[in-house]
Amino acid sequence: INCQNYIEFKLVQIRPFGPSCYSFAHARKKGQHMKNFKNKVAAITGAGSGIGQQLAVLLAKQGCHLSLSDVNEQGLATTLELIKDSNVRVTTKKVNVAKLDEVRAWAQDTVQNHGSVNMIFNNAGVALGSTVEGASYEELEWIVDINFWGVVYGTKEFLPLIKKTGDGHIINISSLFGLTAQPTQSAYNATKFAVRGFTESLRQELDMENSGVSALCVHPGGIRTNIANAAKMNDSLKSLGMNPEKSAKSFNKLLRCPPEEAARQILEAVQKDKRRLLIGNDAKTLDLIQRILPTGYQKITALATKIGKGK
C-alpha cells in the first residue's frame, strides 16, 4: 500500500460524518443486532439489588435465562424471589468481581449450567468520597479492583464464550462521573472514565471483527440504588468544609431515577445496538455542559459543591 492510499484509508476511518466511515464503523450487518431476549442467556454482576436486580426481573419477563452473581447472597435470594414465577432457568453464585479466579469460575459455571451465554452485564460497583490527598492506597485499590478490574475480568472471561454464539452483547456500566469529573470523587471518576475508554475501544474492535458481538457503555445519572448508602466516606472531606455523613445524605437526595427505569432503558439500548447510553436528565445536562465548556465546567461544579456543602 503506498503512502497516499494509506493516508486516504486513515482519513476514511476518522471522518466523522462520511458514508465510508459509517459503513466501516457499522461492520455488524443491519438486522444482526439482538432483536429480543427470548431464550438468550444473560450473566449479571451486582444482581442482588438496584439496576442489576431490575435487569434480572425485566429479562426474566422476556424469557431470558439468567446467571446471577453478587457478593451479597441475601440480595441474590431477594432477586430470586422476585422472579420465581418466571418460566426461565436461573442460577446464582456468590462472586467477588475483584477476584479473577471467582469471575473465571462463574463464567465457566454459566456455560456449564446454561449451555451458552449471550450477554454479560458488568454492573457491580462501589463509591468512595475522598480528596485525592486523603484517599489511602488501600481505599484506591479497593475501588479500582471492583469498578475497573471487575469490568475487565467480566468482559475478558465472558467475551470468548459469547463470541461462540455469534449473537451477543457486552454491557458495561460506567457513570455520569465517567463523563465529567467532580470534587471528592477522584477515585470513582478514575474508574468510571477507565470503563468508558475500555468499552469504547472494545466496541470498535468488535465492529471491525464482525463477530456478531457488540458492546454498550452505560452512563447513569442519579439512580435510586444502595450505592450511596454503601459508599465509603472518609474524614478528608472535612478539609473542604464538608461533613462526610451529611454528604452521603445529600448524595442520596440526588438519586431520583428508579432502577427499573434505568434497566428498561439499558435493554432498549441493547436492542438498538447503541454505543453509549446516558440515563437521566442530570446525566444529559452535565454531559451537554462539559461539551460546551470542556474545561470551564470544572469551575461550575466546584462552585456548586462549595455552595451545597452546608446543606
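Treat the numbers as computed from the prediction; the structure is a model and nothing was measured.
- In terms of modelled atom types and a separation under 3.5 Å, the side chain of Thr165 and the main chain of Ile162 share a donor-acceptor contact.
- A salt bridge does not link Glu200 to Arg203: none of the charged side-chain nitrogens sits closer than 4.0 Å to a carboxylate oxygen.
- Side-chain contact check for Val71 versus Val95: every heavy-atom pair is 4.5 Å or farther apart.
- Put simply, the side chain of Thr45 gets close to the backbone of Ala124: a donor and an acceptor are under 3.5 Å apart.
- The heavy-atom pair separating Ala269 from Leu277 by the smallest distance is CB-CD2, 3.9 Å.
- Under the 3.5 Å distance criterion, the side-chain polar atoms of Thr301 are matched with a main-chain donor or acceptor of Tyr297.
- Considering CD1 of Ile44 and CD of Gln54, their distance stands at 10.5 Å, rounded to 0.5 Å.
- The two residues Asn122 and Gly150 make their nearest non-hydrogen contact at OD1-O, 4.0 Å.
- Classification of Asp167 and Lys35 as a salt-bridged pair fails, no side-chain N sitting under 4.0 Å from a carboxylate O.
- Checking Ser130 against Asn234 by side-chain atom types alone, a donor-acceptor pair falls below 3.5 Å.
- In this structure a side-chain-to-backbone donor-acceptor pair under 3.5 Å is missing from Thr285 to Asp282.
- Atom NZ of Lys192 is separated from atom CG of Leu176 by 11.5 Å, given to the nearest 0.5 angstrom.
- Ring centroids of Trp106 and Phe158 are separated by less than 6.0 Å, placing the two rings close together.
- One N or O on the side chain of Asn118 and one on the backbone of Val41 form a donor-acceptor pair closer than 3.5 Å.
- For the pair Ser214 (side chain) and Asp273 (backbone), a donor-acceptor distance under 3.5 Å is absent.
- One finds the NZ atom of Lys93 at 9.0 Å from the CG atom of Asn113 (value rounded to the nearest 0.5 Å).
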Worked verdict on Thr91 versus Thr110 for side-chain contact (heavy atoms from CB on, under 4.5 Å) = CA-CA 8 Å; Thr91 56; Thr110 298; 5.6 Å; no
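- Although no hydrogens or angles enter the test, the distance criterion places no donor-acceptor pair under 3.5 Å between the side chain of Thr92 and the main chain of Leu76.
- Put simply, the side chain of Phe198 reaches to within 4.5 Å of the side chain of Thr155, judged on heavy atoms.
- Not a single donor-acceptor pair under 3.5 Å links the side chain of Ser236 to the backbone N or O of Gly134.
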Start with the C-alpha gap between Ser211 and Leu206, add the side-chain angles, then the distance that decides, and say whether side-chain contact (heavy atoms from CB on, under 4.5 Å) holds.
-> CA-CA 7 Å; Ser211 63; Leu206 293 171; 4.2 Å; yes
Dump the intermediate steps for salt bridge (charged side-chain N to carboxylate O under 4.0 Å, His left out) on Lys94 and Asp70, then the final yes or no.
-> CA-CA 5 Å; Lys94 183 179 179 180; Asp70 203 300; over 6 Å; no
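- Summarising the geometry of Glu102 relative to Asn96, their closest heavy-atom pair is OE1-N, 2.7 Å, with the distance given to 0.1 Å.
- Listed here is the closest heavy atom pair of Leu237 and Met233: CD1-SD, 3.9 Å.
- When side chains are defined from C-beta on, Ile173 does not count as touching Phe121, because their heavy atoms never get closer than 4.5 Å.
- Cluster annotation: Ile171 and Leu58 are assigned to the same hydrophobic cluster (Ile/Leu/Val/Met/Phe/Trp/Tyr, side-chain heavy-atom contacts under 4.5 Å, transitive).
- Applying the salt bridge (Lys or Arg N to Asp or Glu O under 4.0 Å) criterion to Glu157, with sequence neighbours excluded, gives Arg104.
- Side-chain atoms of Cys64 and Met119, non-hydrogen and from C-beta on, do get closer than 4.5 Å to each other.
- When all heavy atoms of Ile300 and Ile289 are compared, the pair lying nearest together is CD1-CG2, 4.3 Å.
- Nearest heavy-atom pair across Phe37 and Leu267 is CZ-O, 3.6 Å.
- Without hydrogens or angle criteria, Asn189 side chain to Thr180 main chain gives a donor-acceptor distance under 3.5 Å.
- Salt-bridge check for Lys61 with Asp85: failed, with every basic side-chain N at 4.0 Å or more from each acidic carboxylate O.
- Note that CG of Leu128 and CD of Gln185 are 7.5 Å apart. Values are rounded to the nearest 0.5 Å.
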side-chain contact (heavy atoms from CB on, under 4.5 Å) assessment of His219 paired with Ser175 = CA-CA 4 Å; His219 298 271; Ser175 168; 5.6 Å; no
Worked check of side-chain contact (heavy atoms from CB on, under 4.5 Å) between Ile279 and Cys257 = CA-CA 8 Å; Ile279 302 176; Cys257 179; 4.2 Å; yes
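- Test Leu179, Val218, Leu216 against Arg276 for side-chain contact (heavy atoms from CB on, under 4.5 Å) and you get one pass: Leu179.
- Side chain of Gln62 to backbone of Lys38: no donor-acceptor contact under 3.5 angstrom is found.
- Atom CG in Leu66 sits 8.0 Å away from atom OG in Ser86 (nearest 0.5 Å).
- Between Ile266 atom CD1 and Ile51 atom CD1 the span is 5.0 Å, to the nearest 0.5 Å.
- Ring planes of His114 and His65: tilted class, angle from 30 to 60°.
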